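Everything numeric in this text was worked out from a predicted model, so none of it was measured.
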Amino acid sequence: MEDTRTIFVNSMSDLFHPDVPDSFIADVFSVISETPQHTYQLLTKRSQRMRRLLDDWRLPTNLWLGVSIESKPIRVSS
């Protein structure tokens, strides 16, 4: 029996950030597809880019997608 894990992709970053090349995202999705014994969780704040890319791709069945949202501006002061 293979060791199975739940993997949170990019817990401190965003795979769909504008500076991340489409080819890199495609490579990540290839790894996810090639390791069906694992479950991957992927969150983004960039739902529009995710949707644009994924409309043309076949989604792996072992991937959970999510979008985090904010309802108002956040101000951080020191």
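- Criterion: ILVMFWY side-chain heavy atoms under 4.5 Å apart, direct or through other members. Under it, V9 and V67 are part of a common hydrophobic cluster.
- Annotation for T35 and Y40: closest pair OG1-OH, 2.6 Å, computed over non-hydrogen atoms.
- Taking the side chain to side chain contact (heavy atoms under 4.5 Å, CB included) definition, one finds that S33 meets it with P60, sequence neighbours left out.
- Shown here for R5 and H38, the closest heavy-atom pair between the two residues is N-ND1, 3.1 Å.
- One hydrophobic cluster, built from ILVMFWY side chains closer than 4.5 Å, cannot hold both F8 and I25; they sit in different ones.
- Listed here is the closest heavy atom pair of W64 and Q41: CZ3-NE2, 3.0 Å.
- Counting only residues at least two apart or on different chains, the salt bridge (charged side-chain N to carboxylate O under 4.0 Å, His left out) pairs with a member in residues 35-45 are K45-E70.
- Looking at T39 and T4, their side chains never come closer than 4.5 Å, going by heavy atoms from C-beta outward.
- Here CG of L65 is found 9.0 Å from CG of L43. Values are rounded to the nearest 0.5 Å.
- Within the 4.5 Å cutoff, no side-chain heavy atoms of N10 are placed close to those of V28.
- Residues in residues 55-64 take part in these salt bridge (charged side-chain N to carboxylate O under 4.0 Å, His left out) pairs, two or more places apart or across chains: R51-D55.
- Annotation: salt bridge (charged side-chain N to carboxylate O under 4.0 Å, His left out) contacts involving residues 22-32, sequence neighbours excluded, comprise D22-R49.
- For F29, the ring pair (Phe, Tyr, Trp, His ring centres under 6.0 Å) partners are W57, not counting sequence neighbours.
- The heavy-atom pair separating D14 from V20 by the smallest distance is O-CG2, 3.9 Å.
- The distance from the CE atom of M50 to the OG1 atom of T44 is 6.5 Å, given to the nearest 0.5 Å.
- Scanning for side chain to side chain donor-acceptor pair (under 3.5 Å) contacts around S30 gives an empty result, with sequence neighbours left out.
- Side-chain atoms of N62 never come within 3.5 Å of backbone atoms of Q37 as a donor-acceptor pair (strictly under, hydrogens ignored).
- Put simply, I7 and M12 are part of two different groups of oily side chains (I, L, V, M, F, W, Y) that touch within less than 4.5 Å, one to the next.
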